[in-house]
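Accompanying notes for the structure given below.
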Amino acid sequence: MAQAGIKTVILLSFVLAVGFLMIILSCALWSNWLPLLVALTFVLAPLPNAIFANCAGDDFSADYEASGPVDLGRFITASVVVTGFALPLVLAHSEIIRPAACGMSIVGGALVYGTILAYTATFRQEESDYD
């Protein structure tokens with residue numbers, strides 16, 4: 001992708017701020033701080049992919065061959081993302097948080113995780129064969 005400009009950084013930071021605002025408001029409006037765990041799960045979700053991404057393989061393996069550590073990182077990331085969406089639903093179903101707080105925390109968490117994905121996709125540096 002071409003070089004990302006300052007407008008991209010401003011847009012991503014604005015969406016991230018709106019996501020965190022929605023999560024914090026879902027906690028503060030109903031005086032229950034359990035939906036704040038959603039922010040933690042979505043912030044920690046990309047870490048397994050980042051950690052295991054460099055364990056892909058050697059120079060002789062093809063790009064389409066999957067490796068165990070990379071698949072493990074993707075599995076852990078998917079598990080954390082599903083937990084981030086399911087936790088507010090479980091808390092709302094058990095009437096620990098209100099349904100409106102559940103909706104706000106899910107939307108805010110989706111904005112936070114989407115911003116993290118967009119940031120990593122925008123600023124990813126592809127390796128060339130001559131480096």
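Predicted, not measured: the structure shown is a model, and the values here were computed from it. All values below were derived from every heavy atom in this structure, side-chain atoms included, with hydrogens, water molecules and symmetry-related copies excluded. Numbering starts at 1 and runs along the sequence shown.
The two residues L12 and F123 make their nearest non-hydrogen contact at CD1-CE1, 4.3 Å. Across all non-hydrogen atoms, the minimal contact from F20 to A39 is CE2-CB, 3.9 Å. Here the closest heavy-atom approach between residue P88 and residue I106 is recorded as CG-CG1, 3.8 Å. Closest approach of G109 and V38 over heavy atoms only: CA-CG1, 4.1 Å.
Transitive grouping of hydrophobic side chains (ILVMFWY, heavy atoms separated by less than 4.5 Å) brings L40 and L47 into a common cluster. Both I23 and V43 sit in one connected hydrophobic cluster of ILVMFWY residues. Membership requires side-chain heavy atoms under 4.5 Å apart, directly or through other members. W30 is connected to V107 through a chain of hydrophobic side-chain contacts under 4.5 Å among Ile, Leu, Val, Met, Phe, Trp and Tyr, so both are in one cluster. Put simply, L21 and F14 are part of the same group of oily side chains (I, L, V, M, F, W, Y) that touch within less than 4.5 Å, one to the next. Following chains of ILVMFWY side-chain contacts shorter than 4.5 Å, one cannot reach L36 starting from M22, and the two form parts of different hydrophobic clusters.
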Could you pull out all donor-acceptor pairs under 3.5 Å where a side-chain atom in residues 111-121 meets a protein atom, sequence neighbours excluded?
| residue | atom | partner | partner atom | Å |
| --- | --- | --- | --- | --- |
| T115 | OG1 | L111 | O | 2.6 |
| T120 | OG1 | I116 | O | 3.2 |
| T120 | OG1 | L117 | O | 2.9 |

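Rounded to the nearest 0.5 angstrom, C102 SG and L89 CG are separated by 4.5 Å. Put simply, CG on D71 and CD1 on I76 are 11.0 Å apart, with the number rounded to the nearest 0.5 Å. A distance of 10.5 Å separates CD1 in I24 from CE in M104, rounded to the nearest 0.5 Å. Annotation: the span from I97 atom CD1 to L91 atom CG amounts to 5.0 Å, rounded to 0.5 Å.
Within the 4.5 Å cutoff, the side chain of L11 has no heavy atoms near those of the T8 side chain.
Side-chain atoms of N49 do not come within 3.5 Å of backbone N or O of T77 as any donor-acceptor pair. Remark: side-chain polar atoms of S105 are not paired, donor with acceptor, to backbone N or O of S26 under 3.5 angstrom.
A distance below 6.0 Å separates the ring centres of F42 and F85.
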